[in-house]
> 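Below are the structure tokens for one structure; questions will follow.
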Protein chains: 2
Amino acid sequence: MTREHARWKEHALVELSSAGHRQGRARLAIIELLAAQSCAVTALDIEAELRGGEHRVGLATVYRTLELLAELKLVGRLDTGQGIARYEPLLPSGEHHHHLVCDRCGRVIPFDDADLEATMERLARRVRFEVAEHDVVLRGACGSCRSEARPGRKAH
Amino acid sequence: MTREHARWKEHALVELSSAGHRQGRARLAIIELLAAQSCAVTALDIEAELRGGEHRVGLATVYRTLELLAELKLVGRLDTGQGIARYEPLLPSGEHHHHLVCDRCGRVIPFDDADLEATMERLARRVRFEVAEHDVVLRGACGSCRSEARPGRKAH
DNA sequence: TTGTTTGCAAACCTTTTGCACGTTA
DNA sequence: TAACGTGCAAAAGGTTTGCAAACAA
């Protein structure tokens, strides 16, 4: 867990309680797990990961917690076009990345680009729309899949 | 239907048959309906629209046709983060737009930006990834929703 | 103690699949 | 006529909701 992520965990717990929410066992586990991620994960990923822990966490609780954290702007929700939502911590610094999605293996790879961010800022000022956030998804073939002949579908 | 869209319909029918597919009743109706759209629609939108016509078109057929058209690069699939896929014609010129999604009313508004396209091209060359396409979604409040008084959450 | 949070099961909604019938080339 | 396309019904995911028990404050 990077320094930024450790900070996110503290930030999340503070925001949660100042918004009048309690710090239940499942919420804490989910926040800790999110803090350890470097990129977006699915609700199912979280549930599976937590299943190995001491207490089982219901999938419904995972979804409810993610919804709450998204409302508080503590996590971002990302649709990579696979029909499955992915979630990741929103760092308080506003620092963020975007995603490359491999059409073949389903892998989701983060990237960032200062030029892109500058362009998005100019764009946000130009449109007749109050832009709160932006998502950029590049779709194609990742390094491994590009070099392979015809790999089967892996992730789902 | 704009000139561009009329051209898309012809293009789609030609591509369809040169790929060895037949021109069934449902396919034709779906292609005509898509040609008349100026922005992305959902499968349910299409089914509902077609229900008013002479023959009912099954929802399964709508999905199968959209999948086929997407394979042939005739339509693009777009995930606006609402858990519902949207589809729109891909113009043969390669000309395309991106989307503003209103968090409040759910409206999806198209926009384009040459600067953004140039940035995306540079980006595609920079990453270790074979980029086939890109999607940009701006989320926030549209003009109408922004002007409505909406007491509640304070902006972050 | 009291209202919130949680896990389970069932409901929901979008999308996919199986299959028999219709249609196209 | 032989495939291919279509509609219906059912299945398959992912996500949401109802509810009683467990829990935080």
Side-chain angles (χ1 to χ4, degrees), chain A residues 12-14 16-33 40-72 75 77-87 106 108 153-156, chain B residues 12-14 16-33 40-72 75 77-87 106 108:
Chain A
L13 293 177
V14 169
L16 202 62
S17 86
S18 39
H21 298 284
R22 296 182 182 176
Q23 186 177 310
R25 184 212 295 155
R27 271 180 198 162
L28 187 60
I30 292 167
I31 286 174
E32 280 181 342
L33 195 146
V41 293
T42 68
L44 225 56
D45 289 340
I46 295 175
E47 196 270 350
E49 200 73 34
L50 259 33
R51 186 173 295 183
E54 276 187 69
H55 301 276
R56 197 171 195 298
V57 171
L59 193 48
T61 300
V62 174
Y63 279 107
R64 281 188 281 232
T65 300
L66 290 170
E67 186 188 7
L68 175 62
L69 295 175
E71 262 168 33
L72 297 174
V75 308
R77 188 194 209 114
L78 170 76
D79 252 298
T80 58
Q82 302 159 127
I84 311 169
R86 288 174 173 272
Y87 303 81
V108 176
R153 228 154 233 292
K154 193 171 96 185
H156 243 290
Chain B
L13 293 177
V14 168
L16 202 62
S17 85
S18 40
H21 298 284
R22 297 181 182 176
Q23 185 177 310
R25 185 212 293 154
R27 272 180 197 163
L28 186 59
I30 292 168
I31 287 175
E32 279 180 342
L33 196 146
V41 293
T42 68
L44 227 56
D45 289 341
I46 294 175
E47 196 270 348
E49 199 73 35
L50 259 33
R51 186 173 295 182
E54 278 187 68
H55 301 276
R56 196 172 196 299
V57 171
L59 193 50
T61 301
V62 174
Y63 279 107
R64 280 189 281 233
T65 300
L66 289 171
E67 186 187 8
L68 174 62
L69 295 176
E71 262 169 33
L72 297 174
V75 308
R77 189 191 302 239
L78 170 75
D79 254 296
T80 59
Q82 302 158 127
I84 312 171
R86 289 174 173 271
Y87 303 82
V108 176

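Predicted model only: the values in this text are computed from it and were never measured. Every chain is numbered from 1, with letters handed out A, B, ... down the list of sequences.
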> Can you tell me how far OG1 of A:Thr65 sits from CG of A:Leu28, rounded to the nearest 0.5 angstrom?
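One finds 10.5 Å between CG of A:Leu28 and OG1 of A:Thr65.
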
> Which ones in residues 23-31 of chain B lie close to DNA chain C, meaning a heavy atom under 4.0 Å from one of its atoms?
B:Gln23, B:Arg25

> Examine distances only and state if a side-chain atom of A:Arg77 and a backbone atom of A:Ala85 form a donor-acceptor pair shorter than 3.5 Å.
no

> Could you give the CG-to-P distance, from A:Leu44 to D:dA12, as a whole number of Å?
17 Å

> What is the separation between atom CD1 on A:Ile84 and atom P on D:dT16, rounded to the nearest whole Å?
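Computing the A:Ile84:CD1 to D:dT16:P distance gives 14 Å.
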
> For A:Arg25, which residues count as a side-chain hydrogen bond (donor to acceptor under 3.5 Å, both in side chains) partner, sequence neighbours excluded?
none

> Got B:Val62 and B:Leu44 here, is their nearest side-chain heavy-atom distance under 4.5 Å?
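B:Val62 vs B:Leu44: side chains apart.
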
> Given axes from five pairs at either end, by how many degrees does the helix from C:dT1-D:dA25 to C:dA25-D:dT1 bend, rounded to 10°?
40°

> Please determine if a side-chain N or O atom of A:His21 lies less than 4.0 Å away from the OP1 or OP2 oxygen of C:dT5.
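Answer yes for this pair, as a side-chain N or O of A:His21 is under 4.0 Å from OP1 or OP2.
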
> So, taking the atom named CG in B:Leu50 and the one named CG in B:Leu59, what distance separates them when rounded to the nearest 0.5 Å?
11.0 Å

> Any pair with a residue in residues 42-54 of chain B that passes salt bridge (charged side-chain N to carboxylate O under 4.0 Å, His left out), sequence neighbours left out, goes on the list, sorted by first then second residue, please.
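Listed once each, the pairs are B:Glu47-B:Arg51, B:Glu47-B:Arg56.
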
> What parts of residues 51-65 of chain A reach DNA chain C, counting only heavy atoms under 4.0 Å away?
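The stretch gives A:Arg56, A:Val57, A:Gly58, A:Ala60, A:Thr61, A:Arg64 as the residues lying under 4.0 Å from the strand, ordered by number.
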
> List for me each residue that meets side-chain hydrogen bond (donor to acceptor under 3.5 Å, both in side chains) alongside B:Gln23, sequence neighbours excluded, and say none if there are none.
none

> Out of curiosity, A:Asp79 CG to B:Ile84 CD1, how far, rounded to the nearest 0.5 Å?
10.5 Å

> Once you round it to whole Å, what is the distance between P of D:dT17 and CG of A:Leu66?
15 Å

> When the distance from CG of B:Leu68 to C1' of C:dT24 is rounded to whole Å, what number comes out?
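Taking CG of B:Leu68 and C1' of C:dT24, I get 15 Å after rounding.
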
> Grab the CG-P distance between A:Leu16 and C:dT4 for me, whole Å please.
14 Å

> Rounded to the nearest 0.5 Å, what's the gap from CG on A:Leu72 to CD on A:Glu67? Could you check?
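CD of A:Glu67 is found 10.5 Å from CG of A:Leu72.
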
> Provide, to the nearest angstrom, the distance between the CZ atom belonging to A:Arg22 and the C1' atom belonging to D:dA24.
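For the pair A:Arg22 CZ and D:dA24 C1', the rounded distance is 5 Å.
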
> Nearest 0.5 Å, please: how far is CD1 in B:Ile31 from CG in B:Leu66?
10.0 Å

> Nearest whole Å is fine: how far is D:dG14 P from A:Glu47 CD?
12 Å

> Quick check for you: to the nearest 0.5 Å, what is the distance between B:Tyr63 atom OH and B:Ile30 atom CD1?
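Between atom OH of B:Tyr63 and atom CD1 of B:Ile30 there are 11.5 Å.
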
> Nearest-Å distance, CD (B:Gln82) to P (C:dC13)?
16 Å

